[in-house]
Amino acid sequence: MRAAVVGGGMAGLAAAYELAVSGVDVVVLEGSDRLGGKLRLGTVGDLTLDLGAESILARRPEGLDLIDAVGLDDRVVNPDTITAAIWTHGELRPMPATVMGIPADLAELAASGIARVDDPHVLPVPKDDVSVADFVADRLGRDVLDRLVEPLLGGVYAGHTDALSLRATTPQIAALGPDLLAGATAARAAATARGPVFAGLVGGVGQLPAAVAATPGISVRLDSTVRAVTRKAEGWLLSIGPTTDVEQLLVDAVVVAAPAPAAARLIAEDAPEAAFALAAIEYASMAIVTYVFDEPPAFEGSGFLVPPIDGTFIKAATVSSNKWDWVGATGRTVIRASVGRSGESTLLQHDDPAIVAAALADLRAAFGGLPDPLDAVVQRWGGALPQYDVGHLERVATIERSIAAVRGLEVCGAACRGVGIPAVIASGRAAARRLLDAGTMEP
Ligand SMILES: Cc1cc2nc3c(=O)[nH]c(=O)nc-3n(C[C@H](O)[C@H](O)[C@H](O)COP(=O)(O)OP(=O)(O)OC[C@H]3O[C@@H](n4cnc5c(N)ncnc54)[C@H](O)[C@@H]3O)c2cc1C
């Protein structure tokens with residue numbers, strides 16, 4: 001029995017892994033010339049670094065489990081520091097204790113000088129989905145929303161709280177109950193130390209895709225854009241490659257692990273409801289600018305976030321050489337700046353030197369000066385992050401219901417139930433499991 005996976009990002013590779021270890025012969029068809037999707041290693045100066053995703057949530061098991069399974073466990077490390085700051089009101093201010101930006105200690109918040117809670121309201125949690133902005137601003141006011149919640153969510157989704165769904169992006173805020181401040185204080189007090197929050201790999205998480213693809217039973221074809229997926233009596237027919245020279249491949253089952261716009265086109269004929277729901281998911285574009293300096297930083301934390309209301313060019317910065325020991329051990333200072341939120345794609349229309357200069361000007365202002373970098377690389381991520389807007393979970397339910405009615409077809413990836421690496425690995429493996437459990441892959 002043979003299966004195809006469309007898209008060689010982490011979701012597709014995780015699906016391929018699950019199928020391959022269950023004895024299925026699986027081909028991963030990747031449209032670009034490299035595997036990994038949003039995971040990517042690149043060279044900056046004399047260093048090889050992550051230019052896309054760089055850390056894995058360790059509080060979920062799926063990322064570390066796959067790392068173990070493919071033999072990279074001896075490279076797993078935890079950050080040296082995760083002490084973050086907010087750059088606002090003209091300086092870097094330590095991030096106070098919060099639950100996704102909801103203050104858990106008002107005295108600490110006041111001392112930080114980041115935001116004020118003037119007139120908190122205790123209001124019931126609505127049953128229907130609402131935007132994060134509506135929910136938080138009605139209860140705690142705009143300042144907490146703008147200067148704490150917005151930068152945190154901007155970091156994860158590159159989106160805006162006035163569109164993002166409370167239920168899909170911050171269920172932990174909804175779970176705080178009607179009195180957000182009391183809920184956050186109680187949640188922090190109840191939180192027990194459960195080990196490190198994040199993990200990475202010495203040498204970069206960008207090593208994971210190749211390690212997964214090396215699993216026996218997986219074959220990979222790069223430069224193989226899938227143009228169409230068509231159901232036939234004898235299986236699924238995939239049309240691959242340039243329209244002038246289309247190749248056809250017949251398989252028993254297909255996992256579509258491409259971002260939502262491409263996935264919607266591919267499944268439109270056989271799962272039109274799912275295709276329609278996928279097509280409604282917007283994406284934010286962004287860029288990561290990585291700088292290498294030869295002087296140590298005058299800053300000790302892992303980085304900072306910036307409230308969009310402050311109108312800076314960058315939205316966040318990570319001092320990778322503080323965060324990861326293996327980066328710091330190179331003797332260089334490495335800083336990653338991220339640029340671009342949903343609806344701000346004009347920022348990315350500048351050429352690379354202009355982006356490098358504008359982001360560096362912000363970093364110099366935040367850190368109070370930096371030398372000229374030895375090198376800087378701009379990695380653009382068009383269609384980087386799906387936006388889980390209000391109503392997202394209903395869209396996902398529609399997608400899942402519609403796909404479940406079609407034998408031998410599955411969809412997975414960041415568009416549905418989580419954008420983080422463990423979440424997309426979980427979605428890929430679950431999609432493969434459904435095919436296996438449905439008996440689709442039995443002769
Ligand atoms: C800059 C950046 C930093 C991030 N940092 C982190 C982080 O530190 N930690 C974290 O947990 N998450 C992070 N994320 C989020 C996370 O990396 C992604 O959400 C996740 O990797 C997406 O995986 P995916 O497989 O769903 O999609 P993708 O990685 O987008 O992979 C989809 C693949 O499908 C291919 N494709 C598309 N269309 C076709 C077609 N028709 N035929 C064949 N192939 C096709 C694409 O080329 C791509 O390789 C980050 C995201 C970005 C953009």
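Quick caveat: nothing in here was measured; it's all calculated off a predicted structure. Both ligands and their constituent atoms are indexed starting at 1 by order of listing.
Look at Gly63 and you'll find every heavy atom at least 4.0 Å from all atoms of ligand 1. The shell of residues lying under 4.0 angstrom from ligand 1, judged by heavy atoms, excludes Leu57. Within the structure, ligand 1 has Thr225 among the residues with a heavy atom less than 4.0 angstrom away.
The shortest N/O to N/O separation between Arg336 and ligand 1 does not fall below 3.5 Å. When only interatomic distances are considered, the shortest N/O to N/O separation between Met10 and ligand 1 falls below 3.5 Å. In terms of polar-atom proximity, defined here as any N/O pair under 3.5 Å, Trp381 makes no such contact with ligand 1.
Contacts between Met286 and ligand 1, counted as non-hydrogen atom pairs separated by less than 4.0 Å, involve the side chain only. Looking at Ser224 against ligand 1, only its backbone comes within 4.0 Å, counting heavy atoms. No part of Cys412 comes within 4.0 Å of ligand 1, judged by heavy-atom distances.
Judged by distance alone, the side chain of Ser165 and the main-chain N or O of Arg167 form a donor-acceptor pair under 3.5 Å. In terms of modelled atom types and a separation under 3.5 Å, the side chain of Ser321 and the main chain of Val334 share a donor-acceptor contact.
Proximity to Ala414 (heavy-atom distance under 4.0 Å) selects the following atoms of ligand 1: 19 (O), 22 (C), 26 (O). Every atom of ligand 1 with a heavy atom of Ile288 under 4.0 Å away is listed here by number and element: 1 (C). Close approach of ligand 1 to Ala384 (heavy-atom distance below 4.0 Å) involves ligand atoms 53 (C). Every atom of ligand 1 is numbered from 1 in the order shown, and the set under 4.0 Å from a heavy atom of Gly413 is 26 (O). Listed by atom number, the atoms of ligand 1 under 4.0 Å from Val419 heavy atoms are 15 (C), 16 (C), 18 (C), 19 (O), 20 (C). Interface atoms of ligand 1 facing Leu29, defined by a heavy-atom separation under 4.0 Å, are 43 (C), 44 (N). Here is the list of ligand 1 atoms found below 4.0 Å of a heavy atom in Ala262: 38 (N). Atoms of ligand 1 found under 4.0 Å from any heavy atom of Pro259 (numbered from 1 in listed order, with element): 30 (O), 32 (C), 34 (O), 37 (C).
Closest protein heavy atom to atom 51 (C) of ligand 1: Leu385 CD2, 4.0 Å. Nearest non-hydrogen protein atom to atom 42 (N) of ligand 1 is Val226 N, 2.9 Å. In terms of protein heavy atoms, atom 11 (O) of ligand 1 is closest to Ile421 N, 2.7 Å. The shortest contact between atom 7 (C) of ligand 1 and any protein heavy atom is with Ser55 O, 3.4 Å. Looking at atom 31 (O) of ligand 1, its nearest protein heavy atom turns out to be Gly9 CA, 3.3 Å. Shortest contact from atom 25 (O) of ligand 1 to any protein heavy atom: Ala11 N, 2.9 Å. Scanning the protein for heavy atoms near atom 45 (C) of ligand 1, the closest one is Gly31 N, 3.9 Å. Looking only at protein heavy atoms, the nearest one to atom 23 (O) of ligand 1 is Val424 CG2, 3.8 Å.
Each of Ile309, Asp310, Val306 was scored for a side chain to side chain contact (heavy atoms under 4.5 Å, CB included) with Thr88, with one residue passing: Asp310. Paired with Leu49 under the rule side chain to side chain contact (heavy atoms under 4.5 Å, CB included), one option of Ile288, Val327, Thr330 passes, and it is Val327.
Atom CG of residue Asp223 and atom CG of residue Leu29 lie 11.5 Å apart, to the nearest 0.5 angstrom.
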Please step through side-chain contact (heavy atoms from CB on, under 4.5 Å) for the pair Ile421 and Leu39, ending with a clear verdict.
CA-CA 9 Å; Ile421 294 169; Leu39 276 62; 3.9 Å; yes
Apply salt bridge (charged side-chain N to carboxylate O under 4.0 Å, His left out) to residues Asp372 and Arg364 and explain how you reach the verdict.
CA-CA 10 Å; Asp372 285 337; Arg364 285 184 163 136; 2.8 Å; yes
Check the pair Val339 / Glu344 against side-chain contact (heavy atoms from CB on, under 4.5 Å), numbers first and verdict last.
CA-CA 9 Å; Val339 177; Glu344 292 177 357; over 6 Å; no
Salt bridge (charged side-chain N to carboxylate O under 4.0 Å, His left out) evaluation trace for Glu54 with Lys323
CA-CA 11 Å; Glu54 50 101 47; Lys323 183 171 177 183; 2.7 Å; yes
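Ring geometry, Phe304 versus Phe367: the interplanar angle exceeds 60°, so the pair is classed perpendicular (tilted spans 30 to 60°).
Nearest heavy-atom pair, Ile355 versus His350, reported as atom, atom and distance to 0.1 Å: CD1-O, 3.6 Å.
Look at Arg434 and Glu400 and you find no salt bridge, because none of the NZ, NE, NH1 or NH2 atoms lies under 4.0 Å from a carboxylate O. Ionic pairing of Lys232 and Glu234 is not present here: no N-O contact between side-chain nitrogen and carboxylate oxygen is shorter than 4.0 angstrom. Under a 4.0 Å N-O distance rule, the pair Asp50/Arg336 does not qualify as a salt bridge.
Taking the side chain as every heavy atom from C-beta outward, Asp129 and Leu166 approach each other to under 4.5 Å.
Heavy atoms from other residues, nucleotides or ligands lying under 6.0 Å from CD of Gln248 number more than 12. Surrounding CD of Glu91 are more than 12 heavy atoms belonging to other residues, nucleotides or ligands, all under 6.0 Å away.
Among Ala258, Ser285, Gly241, the residue whose heavy atom sits closest to atom 39 (C) of ligand 1 is Ala258. The option with the heavy atom closest to atom 13 (C) of ligand 1, from among Ala257, Gly340, Ala53, Gly37, is Ala53. Comparing heavy-atom distances from atom 48 (C) of ligand 1 across Arg221, Arg380, Glu30 singles out Glu30 as nearest.
Inside a 4.0 Å radius of atom 27 (O) of ligand 1 there is not any protein heavy atom.
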